[in-house]
Every structure is written in structure tokens, then in C-alpha cells.
Amino acid sequence: MSNSYTFKFNASPALASLKNPLSDEALPYYDARLALFQLSILADYDQLVCLPTLHHVDKYWYQIETTKKVIKQFGGRALLADEVGLGKTIEAGMICKEYFVRGMIKSLLVLTPASLVSQWQLELADKFAIPTITTDERQDEPELFWNQNDSIVASIHTAKHKAHRAFVTAREWDMVIVDEAHHLKNRNTLNWKLVNSIKKRFILMLTATPVQNSLLELFNLLTLLKPGLLKTEALFKKEYVSSRSARVPKNPEKLRQLMREVMVRNTRSLVDVKLPRRFASTITVQPSKAEQTLYQALNDYLREHQEERGLKLTRNNLLMRAGSSPKALADSLRNLEKRFKHTEIKSLIQKASKIQQVEKAKQLIALLKKSTQKTLVFVTHRETQAYLATCLSEGDIAFAEFRGDMSLKEKDESIESFRELVPVLLTSETGGEGRNIQFANVIMNYDLPWNPMKIEQRIGRVHRIGQTQDVFIFNFCIKDSIEEYILRVLHDKINMFELIVGEIESILGNLNDDFDFSETVMSLWLKNQSQNELNTAFNGLADDLLDAKNQYKETSELDEQIFGEDFEA
């Protein structure tokens, strides 16, 4: 049923007779007419009033149509099941923004795996101007946190915890978004019970794989969306599930008709998305003797003190900075020295401060001098970025810089300079977010995030709809470093860089709910010291990821068989 109304307004004779329709005498009539005009727009969901506010979003026709369909036909309760890489997060953000602009929601709760919390917060803020607070940032007691904040991005693992659950479910939420919703496939889990018990007006559930093992999982998901729609599990099985296999639908056309009431599933073939190929190379750099000594000394220090609680919170940062540059590491070590009296810290600072030339930077400069393509050089730490800026200048390589501390005008000028004048953009993690930079087709990851989703975010800056050239990715790492082992797992073992953007997220989603890639690799690194031990440990991780990848492929094939292309916007 359409929520569309037509308003007719005939100007008052008094208004029509006024020589100046915007005079003080006319303003009441003008305001009344404007109010009625705005009301007519709000009542008509064929017009999305949020679109003019979305300055940093590439809006595609199918995402706009999905937003209209979910609001107009589904009443704000829907399963968004687009194929990987088509932008379910964008669709969810557009739906939220539309409701916010119309004044129809004031509270928002996003439930997501722990590894995606910061990503959701960044996307909502940068692309939709929806500020949120996350469970990662929580400082208040649970009761205050959940009651005093209206827009929260939460780890579902945290939200279901006994210290939080009662407060999450006690209040009413206007909009709830559940990412990786296939984690709600089982009604006996705390995940399902949590979402079921939350008081919610609107709910969006996002997953590229609605059915993983059994059609009963579909029943459980739809029960959360529209309680009572499918009546009982027994009736659902009788009507829709084959007696031969729980994976095979009985009355498939009737099941699809039912799903059309709650699900949107856009496919790449439908929206005619043909992304070019991408190729990845690992550049393993032999460190200098001084760099090698520093890296080994840091590892010895971290292994010696790995059980100390205060140091445990910063060890990942220290080792990541060591993989970035001695300057980035030295800065972090100086801060650490203020908190700990370990004698090793001073020695580490001295070793890091003495290193002025970095072998990895030399390799970068040499590669850039050979390149004729528009190239993004990604770097995580500002000290490393400043050092590389000096190296690029000394190497006579023209470049622009993009940093988080720059003004909006400076960022725009930097992107424009990269587009029109210079071949290289030296950029921080957020580089190009929301901007059209598909004119570039080379990415150099000078330092490597340990979170595969962050690596994908970097790649997604250029390997996305609108890219016409093949994309080339160069990943730098120091020989025998933790980054080298990470790349062996991601590149050599599961071919992450050949996957479609978004698939690694689905693969990791098949592991344990509380799986954290960066914490896992750090634990393996510290617990194993010899090369044989490290090889065995990281090969075990690779095997787990391969199993998860195969499970994802099987699930995708199953969903394709069940749903096909019958649920597009």
C-alpha cells in the first residue's frame, strides 16, 4: 500500500493581490504554503529527501530504488541480501538518513561483529553525517551508556553480555540494524534471543548469505523481521521445506513470493556491474642490520613482558609501528617510557633514533620512479607519512598529501591535484573516503593493517563501480616480520586480493563470533619463536580461513539456487 498523498493549494486572494508576495503581510501565507509543500514531499516516498545531503556517497540507481522499496513497501523492516560488493551498508545508511531527515526516527542501534564496529561508525559519520558512539569507546557504566546515548554502534558480542543485555532491551529503539545477520540463524543462540527481545520500530538485517545450512534459518530470520508472518516452524517446514533435504525448498515459487514481501537481493548481473581485474604483489624487503637488530630487540622485549596487563594493551601498536618505520616506533616508545620503568625501552629508543635511512622507503622510491600510473601510497602512522614525504621530495617525485588533520578545502585541493597534476597521492588510512578516485589504479600499502577489512577498505577506494582499468596492489613488508606471515596467509593461502571487495568479511564471518584477526596473529607471533613454530602456527590459521572460504562459497551457491535474481529493487 502506497503512503502517497496529493495536496492541492489555491493561493488566498489576499496573497494573490499583494504586489510583493514576500512582504511582512504575505509571510504567513508563504509559510503555510511552504509547510504544505514540504508535507506533500514527506508523504511521498517516491521522493528521497535525503539525497541532496549525501555529498560523499556514490549513489547508484539500485541503491536508491532499494531505499524507496524498503520504506514504501516494507515499512522499514527488511532483509538486505545484495551480493557481496554491491553496498548493503550504503543502502542501510540511506534508509536511516531518510528516516532521520523526515524526523521519523531519533534513536539508532547498529549491532555488528566486533571487527566491524569502527568501520560502521566511520561510514555513518563520513557518508551520512550520522554521529554515533561505540561500545569500544564506552567509559560510563552500562546503564548510563545505554540510556544516555541515542545512536550507538555496538559489538553484538558486547550487547548480549549479561552486564549489558538488560539495558539494551529495556529501552525502545526507533531503528535497529543488524550486520552479518546470518549469525542470527539459530533461535537457540543469545544473538537471536537478544535481537528478538529488543523493542524496535524499524529493523534492517544485512547478509549476503541468508541461508547457510537449512531453510529453517530463513524462518528464524523472518520471524525477527515480521513476527507471525510464517506462523509456526512446523507449518513453515510443511509448506516450504522438502522432506528430502532441509536445504531444498518445496513450492519454491511460493517461497519466493513470500520473500518478496521482506527481502531485497540485488545481483551483479542485474545491476550490470563488471569490475576489472586486480593483481597483487608482495614486496619483501631485506632490512638493514640496524633495522633487523631493532626489530628483534622489540620482539624479545614484548615476549619477555607479554603477560603484563598494561603492556598487553599496547603491544599490537608497538609491533605495527615497527613494521611501519623506526620513527613511528620511537614516538610510541617515548610514550611507553612514561608508564613503564623497563630498562629495555631506553635501549629500543636509542636503536630506533639512530636509523635515518629505511630500506623499505628506498624500495618504494625505486618502484614509484618506474611507474607511470596514478598511484595511492597508503600509510597508517603520521610519523611515517612525514618521513615518506621527505623521501619523495628528495627523490624528485611529484606528489600530493592527504591527511586526517587537513581541512575539507585542503583535502579537496589534494584530490584535485592528484587528479590533474601529480602521479602520487601519499595518504593516510581515510584517504579518498567518499571521493571519486577511480582515475587511479595502483595501490601501494607501505605499511599493512593487520585487519583484513581495513586492507579491503583501501582497495575499495579504487576497485569499485566506475573503475575501468585493471587494479594493481603492491604490499610492502620486512623480511621475517609479522606482516610477512600475515601476507602469506592472506595472499598466498586464501588469495584475498583476488576476491571481490566484501567477500573477506563474509569469510571471516564464518569463524567464531569473537574471532579477532589482529589479536589472533599477535598471539601466534608471541607464542612461537622459531621459524618452524611460526610456519606451523600460521599454516594452521590459513587452514581455518580456507575452511571458512570454502564454507562461504558453498553457502553462496546455495543462496543463488534458492533465490536467483527474483528479489531486485
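Since we're looking at a predicted model, the values are computed, not measured. Along the sequence shown, the residues carry numbers beginning at 1.
Closest approach of Ser353 and Arg334 over heavy atoms only: OG-NH2, 3.4 Å. The two atoms that bring Phe476 and Val285 nearest to each other are CD2-CG2, 4.4 Å, heavy atoms only. What you find for Phe378 and Arg461 is that their closest heavy atoms are CZ-CG, 3.9 Å. What you find for Ile507 and Ala548 is that their closest heavy atoms are O-CB, 3.4 Å.
Crowding of Lys454 atom NZ: a count of heavy atoms from other residues, nucleotides or ligands under 6.0 Å not exceeding 12. A 6.0 Å sphere centred on CD of Gln357 holds no more than 12 heavy atoms belonging to other residues, nucleotides or ligands.
Using a 3.5 Å distance cut-off with no hydrogens or angles, the side chains of Trp450 and Glu519 do not pair a donor with an acceptor. Of the N and O atoms on the side chains of Asp447 and Thr380, at least one donor lies less than 3.5 Å from an acceptor on the other residue. A donor-acceptor contact under 3.5 angstrom links the side chains of Arg488 and Asn535, judged on distance only. Side chains of Ser197 and Thr169: a donor-acceptor N/O pair is absent below 3.5 angstrom, by distance only. Side-chain contact of Ser332 with Asn317: a donor-acceptor pair under 3.5 Å is present, judged by distance alone. Inspection of the Asp516 and Ser518 side chains reveals an N or O donor paired with an N or O acceptor under 3.5 Å. Side-chain N/O atoms of Asn191 and Lys160 include a donor and acceptor closer than 3.5 Å. Side-chain N/O atoms of Thr207 and His182 include a donor and acceptor closer than 3.5 Å.
Between the Ser414 side chain and the Glu401 main chain, a donor and an acceptor come within less than 3.5 Å of each other. Using a distance-only test at 3.5 Å, with no hydrogens or angles considered, a donor-acceptor pair links the side chain of Arg138 to the main chain of Asp140. Although no hydrogens or angles enter the test, the distance criterion places a donor-acceptor pair under 3.5 Å between the side chain of Trp192 and the main chain of Asn220. Within the 3.5 Å criterion, the main-chain N or O of Asp82 finds no donor-acceptor partner in the side chain of Arg265.
Here the side chains of Leu448 and Ile486 are in contact, with some heavy-atom distance below 4.5 Å. Annotation: side chain of Leu487 is not in contact with side chain of Asp492 (no heavy-atom distance under 4.5 Å). Contact annotation: the side chain of Arg165 never approaches that of His161 to less than 4.5 Å [non-hydrogen atoms, C-beta and beyond].
Note that the CG atom of Asn149 and the CD1 atom of Ile133 stand 4.5 Å from one another [nearest 0.5 Å]. With values rounded to the nearest 0.5 angstrom, Leu108 atom CG is found 9.0 Å from Ile152 atom CD1.
Within the structure, the salt bridge (Lys or Arg N to Asp or Glu O under 4.0 Å) test picks out the following pairs touching residues 344-361 (sequence neighbours left out): Glu359-Lys362. For residues 321-364, the set of pairs meeting the ring-ring contact (aromatic ring centres under 6.0 Å, His included) definition, not counting sequence neighbours, comprises Tyr301-His342, His305-His342, Phe340-His342.
The side-chain contact (heavy atoms from CB on, under 4.5 Å) check on Thr134 picks up Val117, Gln121, Asp136, Glu137, Val153, with sequence neighbours excluded. Partners of Thr555 according to the side-chain contact (heavy atoms from CB on, under 4.5 Å) rule, which considers only residues two or more places apart in sequence or in another chain, are Thr209, Gln212, Gln551, Asp559. Judged as a side-chain contact (heavy atoms from CB on, under 4.5 Å), and not counting sequence neighbours, the contacts of Asp300 are Gln296. Taking the side-chain contact (heavy atoms from CB on, under 4.5 Å) definition, one finds that Ala542 meets it with Val489, Lys493, sequence neighbours left out.
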Problem set entry | ring-ring contact (aromatic ring centres under 6.0 Å, His included) evaluation trace for Phe418 with Phe399 | CA-CA 7 Å; Phe418 179 43; Phe399 70 99; over 10 Å; no
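When ring centroids are compared, Phe497 and Phe279 stay outside the 6.0 Å threshold.
Looking at Asp470 and Arg277, a side-chain N of the basic residue comes within less than 4.0 Å of a carboxylate O on the acidic one, giving a salt bridge.
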